[in-house]
Amino acid sequence: MDDVDVLMLHSRFSPLKRILSYDVFDRGFCGWMTLMPNFTEGPDFDTPPSIVNKDQWPPVMLSSATYRFPGTHGSMSGTYSLKLSTRPVAAPYSCPPAPGSMGHAIKRMSFWLPERQYLQIEAWFAYTAEMDVVDGKGPQPGLHETSVRAFGAGFDVQERGNRYFTGIRYLNSVDGKLLRKWQYVSAAEVSDREWAFGTDGDWCRRGVDPWWFGRRYPDGRHDGYKDVPGGTQNLCYNETDDKINWQYMRMKIDTLNREYVEMQCQDKVFDMRGIPITYVDAYGRIDGLINPVFWVESDADRRVFLYVDSVVVSQE
């Protein structure tokens, strides 16, 4: 890193002692890619059968955030950010996600310190919906804020004989109703069958891939998430869909005790100490996994976007 990178890192982020990655997307994808299905089945590398269709999730891209009126918005740090998008589709909240209604980005990493306890992800992000048509009512009929259902960040981890998913998501809208609250990944006491929306023979296990699996309820509850205590927060969504504001998020977990520690968005810090992390038996061949993930989901038949300007993953 040059002097400017070092200055930005320590002035805009609060990393732990060991920085595993510092990704500024003006430099490229930095190892982030689309989270895609497992192409493992015969006869021609088909995907395993599942109620959740993941082969329609759009690819991640480097974007200059171009819009119809202002032109190129750029990123917070320069020109390019990592852009996650959806297709213009959505299922009702209480149904399994519609094919293409979510977008995911993942960076595939592994632990390297033999003795470590804390793991943290932090990022500057922005979110918006596509400015396609004026179809609403009221003073801003073209403002599509309710089209963004949710977005979040987290980790897919496997170590010490167990696999677990941790993360935070901002539940913005449920079937057109704004909720604007933070939730954390935590699996309800349900069976593997219930986790897979009541279907038999799905490959998933309770607690695995909560962004896809886990039953959903019309009031915003989810078998894969619980509300962050005091987690209601109005984020910055500007007057039109072509104005984005860069905002800060951070999540810290305790891998030794398998607990959440805290999360932060903008200048608001939420104490999560003592909240347990759900874990399952280890999967084969992925010991030491430490994959950070971002995701975004639509709440209407309209494309929605999550832009990530820069990300830091650190541990100590």
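Numbering of residues begins at 1 and proceeds along the displayed sequence.
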Steps toward side-chain contact (heavy atoms from CB on, under 4.5 Å) verdict (Arg12, Ser77): CA-CA 11 Å; Arg12 301 191 321 190; Ser77 301; 2.9 Å; yes
For a side chain to side chain donor-acceptor pair (under 3.5 Å) check, start with the C-alpha distance between Ser81 and Asp309, then their side-chain angles and the critical distance, and finish with the verdict. CA-CA 5 Å; Ser81 60; Asp309 169 84; over 6 Å; no
Decide side chain to side chain donor-acceptor pair (under 3.5 Å) for Thr66 and Ser64; before the verdict, give the C-alpha distance in whole Å, the side-chain angles of both, and the deciding distance to 0.1 Å. CA-CA 6 Å; Thr66 300; Ser64 59; 3.2 Å; yes
Please evaluate residues Asp23 and Trp32 with respect to the criterion side chain to side chain donor-acceptor pair (under 3.5 Å), reporting the C-alpha separation (whole Å), side-chain torsions for both, the decisive distance (0.1 Å), and the verdict. CA-CA 9 Å; Asp23 302 328; Trp32 289 86; 2.8 Å; yes
Evaluation steps, side-chain contact (heavy atoms from CB on, under 4.5 Å), between Val304 and Thr128: CA-CA 6 Å; Val304 301; Thr128 191; over 6 Å; no
Test log, rule side chain to side chain donor-acceptor pair (under 3.5 Å), inputs Arg163 and Gln158: CA-CA 4 Å; Arg163 189 178 184 187; Gln158 181 162 307; 4.7 Å; no
Pair Asp242, Arg68 - check salt bridge (Lys or Arg N to Asp or Glu O under 4.0 Å), show working. CA-CA 8 Å; Asp242 61 0; Arg68 61 187 298 178; over 6 Å; no
Can you check side-chain contact (heavy atoms from CB on, under 4.5 Å) on Cys236 and Gln247, steps first, answer last? CA-CA 8 Å; Cys236 190; Gln247 304 174 71; 3.8 Å; yes
Check against side-chain contact (heavy atoms from CB on, under 4.5 Å), Arg108 and Leu289: CA-CA 8 Å; Arg108 303 186 184 278; Leu289 194 76; 5.9 Å; no
Show your reasoning for whether salt bridge (Lys or Arg N to Asp or Glu O under 4.0 Å) applies to Arg206 and Asp223. CA-CA 9 Å; Arg206 167 188 169 267; Asp223 279 351; over 6 Å; no
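Not one N or O on the side chain of His144 forms a donor-acceptor pair closer than 3.5 Å with the backbone of Asp132. Looking at Lys107, its side chain does come within 3.5 Å of a backbone N or O of Cys30 through a donor-acceptor pair. With Asp209 contributing its side chain and Trp212 its backbone, the two residues share no donor-acceptor pair below 3.5 Å. In this structure, Asn238 contributes its side chain and Thr240 its backbone to no donor-acceptor pair below 3.5 Å. With Asn38 contributing its side chain and Thr40 its backbone, the two residues share no donor-acceptor pair below 3.5 Å. Panel note: side chain Asn53, backbone Asp55; a donor-acceptor pair is recorded below 3.5 Å. Between the side chain of Asp202 and the main chain of Ile51, a donor-acceptor pair closer than 3.5 Å is present. At distances below 3.5 Å, at least one donor-acceptor pair connects side-chain atoms of Asn172 with backbone N or O atoms of Glu145. Distance alone, capped at 3.5 Å, is enough to place a donor-acceptor pair between the Arg193 side chain and the Gly198 backbone. Checked by atom type and distance alone, the side chain of Thr34 pairs as donor or acceptor with a backbone atom of Val60 at under 3.5 Å.
When side chains are defined from C-beta on, Val208 counts as touching Trp203, because their heavy atoms get closer than 4.5 Å. Taking the side chain as every heavy atom from C-beta outward, Gln120 and Val313 never approach each other to under 4.5 Å. Between Met109 and Leu20, some side-chain heavy-atom pair lies under the 4.5 Å cut-off. Within the 4.5 Å cutoff, side-chain heavy atoms of Gln233 are placed close to those of Cys265. For the pair Leu235 and Tyr127, the minimum side-chain heavy-atom distance is below 4.5 Å. No side-chain heavy atom of Glu297 sits under 4.5 Å from any side-chain heavy atom of Thr86. In this structure, Met8 and Ser310 have side chains that are not in contact, with every pair of non-hydrogen atoms separated by 4.5 Å or more. For the pair Val311/Glu122, no side-chain contact is recorded, criterion being any heavy-atom separation below 4.5 Å from C-beta on.
In this structure, Trp211 has its ring center at least 6.0 angstrom away from the ring center of His222. For Tyr260 and Tyr184, the ring centers sit closer than 6.0 Å to each other. Here the two rings, on Trp57 and His104, have centers that are under 6.0 Å apart.
When the options Trp246, Tyr248, Phe25, Tyr307 are evaluated for a ring pair (Phe, Tyr, Trp, His ring centres under 6.0 Å) with Trp124, the one that passes is Tyr248.
A cation-pi arrangement is absent between Arg169 and Phe151, since the terminal nitrogen or guanidinium carbon is not both under 6.0 Å from the aromatic centre and inside a 45° cone about the axis. Under the 6.0 Å distance and 45° angle rule, Arg258 counts as a cation-pi partner of Tyr279.
For Arg160, there are no salt bridge (charged side-chain N to carboxylate O under 4.0 Å, His left out) partners, not counting sequence neighbours. Here Asp241 pairs with nothing under the salt bridge (charged side-chain N to carboxylate O under 4.0 Å, His left out) rule; sequence neighbours left out. Partners of Asp46 according to the salt bridge (charged side-chain N to carboxylate O under 4.0 Å, His left out) rule, which considers only residues two or more places apart in sequence or in another chain, do not exist here. Remark: Asp281 engages no residue in a salt bridge (charged side-chain N to carboxylate O under 4.0 Å, His left out) (not counting sequence neighbours).
In the hydrophobic clustering (ILVMFWY side chains linked at under 4.5 Å, chained through shared members), Leu16 is joined by Tyr118, Val261.
More than 12 heavy atoms of other residues, nucleotides or ligands sit less than 6.0 Å from atom NZ of Lys268.
Placement of Phe13 and Val308 in two distinct hydrophobic clusters is found when ILVMFWY residues are connected by side-chain heavy-atom separations under 4.5 Å, directly or transitively. The hydrophobic clustering, which links ILVMFWY residues whose side-chain heavy atoms are closer than 4.5 Å, places Phe213 and Val280 together. Clustering ILVMFWY residues whenever any of their side-chain heavy atoms sit less than 4.5 angstrom apart, transitively, puts Tyr225 in the very cluster that holds Leu306. Tyr170 and Leu179 are members of different hydrophobic clusters when ILVMFWY side chains are connected at heavy-atom separations under 4.5 Å. Phe165 and Tyr283 fall within the same hydrophobic cluster, where Ile, Leu, Val, Met, Phe, Trp and Tyr residues are linked whenever their side-chain heavy atoms come under 4.5 Å apart, directly or through other members.
Contact detail for Ser314 and Ile19: the closest heavy-atom pair is CB-CA, 4.0 Å. When all heavy atoms of Lys226 and Ser186 are compared, the pair lying nearest together is NZ-OG, 3.1 Å. Nearest heavy atoms, Phe294 versus Ala123: CZ-CB, 3.8 Å.
Here the CZ-CZ distance, from Arg221 to Arg215, works out to 9.5 Å after rounding to the nearest 0.5 Å. Atom OG1 of residue Thr255 and atom CZ of residue Phe155 lie 10.0 Å apart, to the nearest 0.5 angstrom. Going from atom CG of Leu256 over to atom CG of Leu119 covers 12.5 Å, rounded to the nearest 0.5 Å.
Residues in residues 59-99 take part in no ring-ring contact (aromatic ring centres under 6.0 Å, His included) pair, two or more places apart or across chains.
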